[in-house]
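Heads up, the thing below is written out as structure tokens.
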Amino acid sequence: MSGHGTPIPMTSHRAAPLSGVAEVPGDKSISHRSLILGAMAIGETKISGLLEGDDVLDTAKAMQAFGAEVVNHGGGNWSVFGVGVGGFAEPDQVIDCGNSGTGVRLIMGCMATSPITVTFTGDASLNGRPMARVTDPLALFGAKTVGRKGGRLPMTIVGAAEPTPVRYVVPVPSAQVKSAVLLAGLNAPGQTVVIEKEATRDHSERMLAGFGAEITVADTEEGREITLTGQPELKPQVIAVPRDPSSAAFPVCAALITPGSDVLVPGIGLNPTRAGLFYTLQDMGADLTFENMREEGGEPVADLRAKYSSAMKGIAVPPDRAASMIDEYPVLSVVASFATGKTMMAGVKELRVKESDRIDAMARGLRANGVTVEEGEDWWSVEGLGPDDVPGGGTCESFLDHRIAMSFMVMGMGAQNPVTVDDGSPITTSFPIFEPLMTGLGAKLSQD
Ligand code: S3P
């Protein structure tokens, strides 16, 4: 299942109670960054728990094309022998980032201040997504770009031979844009400053510090100001990738809507820039608890226990929480269908430029399954039908978007009738063990 080949329709049938332990894969954001920063350090970075989904494997191939040695030891254990900041070779092939916006945008950033020319492409979803949000700030460093109309891939970037550091206020709440600028700043002499008005996931900042870069963060009137001193020698690291809260969202939400369920999802990072969904579910009245709270690698971690919750209520999700749960709105909208009353999700314009237009994709699929959805440019609402009355029975398009496909598979577990997606193959981009993991808990999934 590659997401680039023959569509694989999948159906989810009403499940018996879900129970057991769901060991979800490594964090996608941290996996990409481990490979990229490993390639920019000098020496061997050892990574365990790497997410071996298509998105991350494409980034591993790209780092090899830039001259780093990347070794797969099996079982999620990888080594990257880096070439150092400024040490990238010019790839002799087009860099294909598949479905991954994070992959392409971070890699564009890390090459833009080296004197090499690189052409990027991706699948139909990625080639439709906006890249100007990254190439605009990269131009300030001196990089040049030729792409398709509207700043779309395929696109060639000519890296700056004599980069100048920049000061950049990120105009959209995007960790990818912030990270691309910081990675470009690594090979620019002097200080690069990035300011974000809303805090987005901070893995790049934490990991850059871990790799030995000089990086400071200050809260200012303009926003969160990050200052990076360029041209450091990055030191190789030993990285244990934590499990992905965005993947944990699927078994957690499935348990909440499937009668009789009790599921433990161990070792999930609760970094405040990522954990918004779990607090939102608690606000809705979900029986979701954090057990064995601890700190691992400087991050708060807990085992999540989710039990069937028949008394959830619709809420207005605080818009200032959006960045910390941006990838989780699709599956939240499924849970909202099983709550009583309306769930309002505002301040979420970014959902329109993800792997798909996620408001449109979910609204169509929810309606096909009997749920009422209203939407505007930067908001949408779901009218909950209560725990027992979601009809299901619909067929939904996944639009090459893994999270849309998984969300509708979750919906089928609690709905009265089976829910089908036209193509489940994109699931391998982020959660290659989704099907065996969910069926191991008691889900009934079939490939039609
Ligand atoms: C990511 C940032 C987010 C998120 C994506 C991963 C990252 O994208 O949706 O899945 O690793 O930096 P945006 O930067 O577009 O918000």
Side-chain angles (χ1 to χ4, degrees), residues 25-37 50-51 53-56 58-59 97-110 122 125-126 128-137 151 153 168 170-184 194 196-208 224 226 241-242 244-250 269 271 273-277 299 319 321-332 347-359 361-362 378 400-404 406-407 426-427 429-431:
D27 190 283
K28 181 156 73 69
S29 295
I30 296 175
S31 293
H32 281 294
R33 287 162 174 79
S34 300
L35 293 167
I36 293 170
L37 289 173
L50 188 84
L51 167 63
D54 296 340
D55 277 11
V56 175
D58 285 331
T59 291
C97 291
N99 189 252
S100 181
T102 306
V104 77
R105 291 182 176 132
L106 267 52
I107 297 169
M108 283 176 169
C110 74
S125 156
L126 189 59
R129 296 179 68 186
M131 294 297 143
R133 53 176 54 202
V134 173
T135 55
D136 285 352
L153 301 178
Y168 191 67
V170 185
V172 284
S174 166
Q176 293 173 0
V177 176
K178 167 178 70 176
S179 303
V181 178
L182 289 172
L183 290 170
V194 188
E196 55 178 2
K197 291 176 210 146
E198 284 171 53
T200 62
R201 66 190 67 195
D202 61 357
H203 305 303
S204 296
E205 296 92 304
R206 288 174 187 250
M207 292 178 75
L208 278 162
R224 196 169 163 271
I226 306 147
V241 179
D244 198 327
S246 297
S247 296
F250 295 102
N271 177 323
T273 63
R274 293 290 298 281
L277 171 76
E299 299 264 1
R321 209 181 262 175
S324 70
M325 52 181 288
I326 194 67
D327 290 336
E328 283 67 75
Y329 283 94
V331 75
L332 174 65
V348 291
K349 199 167 164 200
E350 280 294 300
L351 291 179
R352 297 219 176 260
V353 290
K354 296 293 179 185
E355 285 83 331
S356 66
D357 174 341
R358 285 183 170 159
I359 297 178
M362 288 308 300
D378 69 345
L400 283 180
D401 188 330
H402 51 131
R403 298 198 200 284
I404 302 300
M406 289 187 281
S407 297
I427 291 172
T429 61
S430 71
F431 201 158

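Remember, it's 1-based here, ligands and their atoms both numbered in the order they're listed. Any value given below was found using the heavy atoms of this structure, including those in side chains, with hydrogens, waters and symmetry copies removed.
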Any residue meeting side-chain hydrogen bond (donor to acceptor under 3.5 Å, both in side chains) with Arg403, in chain and number order, not counting sequence neighbours: none
Qualifying residues under side-chain hydrogen bond (donor to acceptor under 3.5 Å, both in side chains), relative to Glu205, sequence neighbours excluded: Lys178, Arg224
Heavy-atom contacts under 4.0 Å to ligand 1, chain-then-number order, include exactly Lys28, Ser29, Arg33, Thr102, Pro173, Ser174, Ala175, Gln176, Arg201, Ile326, Asp327, Lys354
Side chains of [X] and [Y]: does their closest heavy-atom pair fall under 4.5 Å?
X      : Y      : answer
Arg129 : Val353 : no
Arg358 : Val348 : no
Glu355 : Pro426 : no

Looking at residues at least two apart in the chain, or sitting in another chain, which of them share a salt bridge (Lys or Arg N to Asp or Glu O under 4.0 Å) with Arg206? Asp202, Glu299
